[in-house]
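Below is one structure, written out as structure tokens; comments come after it.
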Amino acid sequence: MSHNTSPIAVSDDASLDELLALAGARYDVRFEPVTVGDTTLELLQIADMVALIDRLTRESADGPLELPFWARIWPTSILLSYFLGRMEPGSSSGAAKTMLEIGAGVGICGLFAAARGFDVTITDIHPDALLFCRINVLKNGLSANARVCRADFSVDRLGRRFDYIIGSEVLYLEDIHRALVKFLSAHLSLEPEAEILLARDYHRKAPTFLRRAAPDYDIAERTLGYKETTPPEQPGATGRIERQLTTITRMRAKKHA
């Protein structure tokens, strides 16, 4: 099956059916249920990632190959979503706390936070990630609590601040750490309880980022994990138990005299 890979223009008021048609013209897609705690959401996924990568490899020839990592459901995103489930979505005044998700991919963390009552802005730089996020917001009836927009956290400014800033696997490129720290400082609420929560694979360290952030933030880290059994009936599966570990970095702005 042939798919269109050219850039797309999406109207802000496009319906779920219109957005699904755009996604279907680019990928073979399906909805998959994902459960965190007592909440289950239907998330749009690429139906056969291996087949897509094979196709992209053939089409790239000798040119650069861009793999759709944004489309993957990362264990770190699931664990960060669990962690956010322990947090209170409303302020003392009763208003919903605001949250910004950066490098969102398909928006897992922001979507689950919106389902709990947070007022969430979900961002990424990849147009297809934004398309999938918008579909997921509409599919799960979260338009009242979640909006999707493009944001490059290495250069952009959104002109507002948030009670929480969250991100999953956004620290893998060291050359953007300085810009990321500046972005976080420009968008975190000035309230003392405002907080940044960044999740990464336990085995992936981030000393450069932590060193750059340390002068301005009090930083604490916590490890979360779960065990996952691969069903033996799946192709290539062994039925073995794998442990997924994630480091959650929590940051609050220091009080400077």
Side-chain angles (χ1 to χ4, degrees), residues 8 10 12 19 22-23 26-27 29 31-32 34 36 39 41-46 49 66-85 87 89 96-158 160-173 176 179-180 183-184 186-188 195-201 209 246 248-249 251:
I8 55 174
V10 182
D12 289 338
L19 295 175
L22 289 172
R26 300 174 69 77
Y27 307 103
V29 295
F31 283 104
E32 293 184 6
V34 177
V36 172
T39 301
L41 299 178
E42 294 286 330
L43 301 183
L44 191 67
Q45 286 286 281
I46 293 173
M49 184 67 76
E66 181 182 1
L67 298 178
F69 291 124
W70 55 266
R72 180 179 174 184
I73 296 179
W74 297 92
T76 51
S77 297
I78 298 296
L79 285 165
L80 179 56
S81 297
Y82 270 108
F83 192 82
L84 295 174
M87 304 171 70
K97 292 181 180 178
T98 57
M99 179 178 291
L100 171 66
E101 182 176 14
I102 59 175
V106 295
I108 295 171
C109 301
L111 291 164
F112 276 102
R116 291 199 63 246
F118 286 94
D119 179 7
V120 185
T121 299
I122 301 172
T123 68
D124 202 285
I125 61 172
H126 197 292
D128 289 349
L130 298 175
L131 173 61
F132 274 50
C133 283
R134 290 183 62 186
I135 289 171
N136 289 333
V137 168
L138 293 175
K139 175 68 173 179
N140 293 284
L142 297 173
S143 296
N145 288 3
R147 66 216 49 84
V148 178
C149 68
R150 185 188 187 281
D152 182 344
F153 57 71
S154 68
V155 295
D156 288 340
R157 296 293 182 267
L158 302 180
R160 61 172 296 197
R161 294 179 179 270
F162 299 82
D163 297 316
Y164 295 100
I165 302 175
I166 64 171
S168 175
E169 299 293 7
V170 298
L171 301 178
Y172 59 94
L173 294 176
I176 56 89
L180 175 56
F183 178 93
L184 296 172
H187 294 88
L188 186 65
E195 193 168 13
I196 298 162
L197 299 104
L198 303 178
R200 68 181 189 275
D201 184 277
F209 173 79
T246 290
I248 307 288
T249 301
M251 302 166 53

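Here the structure is a predicted model, which is why all the values come from computation and not from measurement.
Looking only at side-chain heavy atoms (C-beta outward), Leu44 and Lys139 stay at 4.5 Å or farther from each other. In this structure, the side chains of Thr39 and Phe112 come closer than 4.5 Å at one or more pairs of heavy atoms. At least one side-chain heavy atom of Leu180 sits less than 4.5 Å from a side-chain heavy atom of Phe209. Taking the side chain as every heavy atom from C-beta outward, Thr121 and Glu101 never approach each other to under 4.5 Å.
Using modelled atom types, one side-chain atom of Ser81 and one backbone atom of Ser77 make a donor-acceptor pair closer than 3.5 Å.
Side-chain contact check for Thr246 and Thr76: no donor-acceptor pair (N or O, by modelled atom type) lies under 3.5 Å. Judged purely by distance below 3.5 Å, without hydrogens or angles, the side chains of Asp119 and Thr98 never pair a donor atom with an acceptor atom.
Interatomic distance, Ile102 CD1 to Thr123 OG1, rounded to the nearest 0.5 Å: 6.5 Å. Atom CZ of Arg116 sits about 8.0 Å away from atom CG of Leu84, to the nearest 0.5 Å.
In this structure, Lys97 fails the cation-pi test against Tyr164, since its NZ or CZ atom is not both closer than 6.0 Å to the six-membered ring centre and inside 45 degrees of the ring normal.
When all heavy atoms are compared, the tightest approach of Ala104 to Ile122 is CB-CG2, 3.4 Å.
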Would you please test Arg150 and Asp124 for salt bridge (Lys or Arg N to Asp or Glu O under 4.0 Å) and show each step?
-> CA-CA 5 Å; Arg150 185 188 187 281; Asp124 202 285; over 6 Å; no

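Between Phe132 and Tyr27, the ring-plane angle classifies as perpendicular under the 30° and 60° cut-offs.
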